[in-house]
Amino acid sequence: MCRLLPPVALLLLTSADTRAADLPKAVVSLDPKWDRLLEKDNVTLQCRGAYPKEDNSTRWLHNGKPLPGQSSTYVIADARVKDSGNYSCQTASFTLSDPVQLKVHADWLVLQAARWVLQEGEPLQLRCHSWKNIRVGKVQYFRNGRGQQFSHKNSEFHIQYTKRAHSGSYFCRGIIGKQNVSSEAVNVTVQGVAVPAVSPFLLLWQMAFCLVMGLLFAVDTRLYFSVQKELRSSLRKKRNDKVTCGKNP
Ligand SMILES: *[C@@H]1O[C@H](CO)[C@@H](O)[C@H](O)[C@H]1NC(C)=O
Ligand SMILES: *[C@@H]1O[C@H](CO)[C@@H](O)[C@H](O)[C@H]1NC(C)=O
């Protein structure tokens with residue numbers, strides 16, 4: 001009994017541990033969903049988490065420093081470069097969210113995507129967003145310096161089913177007024193679907209299986225031919241017997 005106690009105690013301890021870690025995390029989402037912005041853009045950060053009746057306040061952090069206000073949304077209007085950084089939130093019954101990184105650029109163009117890291121097969125959608133949504137023409141998207149798509153108007157760049165080869169450094173370029181302007185380049189990563197490694201034991205087992213099957217097949221084939229041969233010779237013998245029987249009643 002005494003010997004059983006320590007593992008039981010350990011079990012209780014670990015279950016208490018996991019319970020603490022299982023507390024739900026709040027989640028920050030962006031509306032619109034772009035995490036790369038230009039100055040003067042607007043974005044609303046939303047904190048998702050449960051709000052108990054007695055406390056519906058939200059705590060917001062920007063680069064670890066508390067922000068004023070307790071609303072479940074945090075509005076950034078007329079964004080400035082200094083609004084860049086990590087945002088996280090927390091509610092009364094949810095733990096601190098993972099940070100969401102915002103980047104505000106002082107530029108003419110910025111490349112935008114909902115996500116920069118994808119799994120193979122997921123769609124990629126890129127936007128070439130201009131300062132104050134000013135008109136931009138002759139828009140071209142590039143991957144690793146090679147042109148991918150050209151449009152006279154500013155169309156988005158879509159890949160329906162991405163492959164790993166679509167990973168790379170992307171930027172867009174266009175004409176604003178008479179100026180030829182480019183966005184900063186951003187890395188897009190398309191990850192392969194994880195293939196479970198084949199264990200050497202399984203490989204050996206498969207090899208043994210194939211070997212046995214091959215042997216069985218060889219034995220079977222030999223058996224088949226020898227039985228056939230025997231059958232044929234016995235048939236011939238029978239026929240011969242019949243013939244001799246007919247001749248000598
Ligand atoms: C941000 O919001 C203000 C006020 O609604 C609006 O005037 C402005 O055009 C918006 N900025 C952009 C880039 O859309
Ligand atoms: C913009 O500039 C690049 C070189 O910097 C040039 O290759 C390209 O043709 C220009 N685009 C237009 C539409 O003039």
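Just so we're clear, the structure is a prediction, and the values are computed from it rather than from any experiment. First listed ligand is number 1; within each ligand, the first listed atom is number 1. One-based numbering along the sequence shown.
Residue pairs meeting the salt bridge (Lys or Arg N to Asp or Glu O under 4.0 Å) criterion with at least one partner in residues 74-99, sequence neighbours excluded, are K25-D98.
The atoms of ligand 1 that sit less than 4.0 Å from any heavy atom of D41 are 13 (C). Against a heavy-atom cut-off of under 4.0 Å, K40 is close to the following atoms of ligand 1: 11 (N), 12 (C), 13 (C). Less than 4.0 angstrom separates some heavy atom of N133 from each of these atoms of ligand 1: 14 (O).
Of the possible polar contacts, none joining the Q46 side chain to the T73 backbone as a donor-acceptor pair under 3.5 Å is found. A donor-acceptor distance shorter than 3.5 angstrom exists from the side chain of S183 to the backbone of C172, with no hydrogens or angles considered.
The heavy-atom pair separating I159 from R143 by the smallest distance is CD1-NH1, 4.5 Å.
Under a cut-off of 6.0 angstrom, the local environment of NE2 in H158 is crowded, with over 12 non-hydrogen atoms contributed by other residues, nucleotides or ligands.
Residue-level proximity to ligand 1 for D78 is absent, since no heavy atom of it falls below 4.0 angstrom.
Once rounded to the nearest 0.5 Å, the distance linking CD of Q149 with CD of Q140 reads 9.5 Å.
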Check each N or O atom of ligand 2 against all protein N or O atoms and list the pairs under 3.5 Å, with atom names and distances to 0.1 Å, one per line.
| unit_1 | atom_1 | unit_2 | atom_2 | d |
| --- | --- | --- | --- | --- |
| ligand 2 | 2 (O) | N180 | ND2 | 2.2 |
| ligand 2 | 11 (N) | N180 | ND2 | 3.1 |

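Between Y74 and Y87, the ring planes lie tilted relative to each other; the angle falls in the 30° to 60° range.
Side-chain contact, W116 with D35: a donor N or O sits under 3.5 Å from an acceptor N or O.
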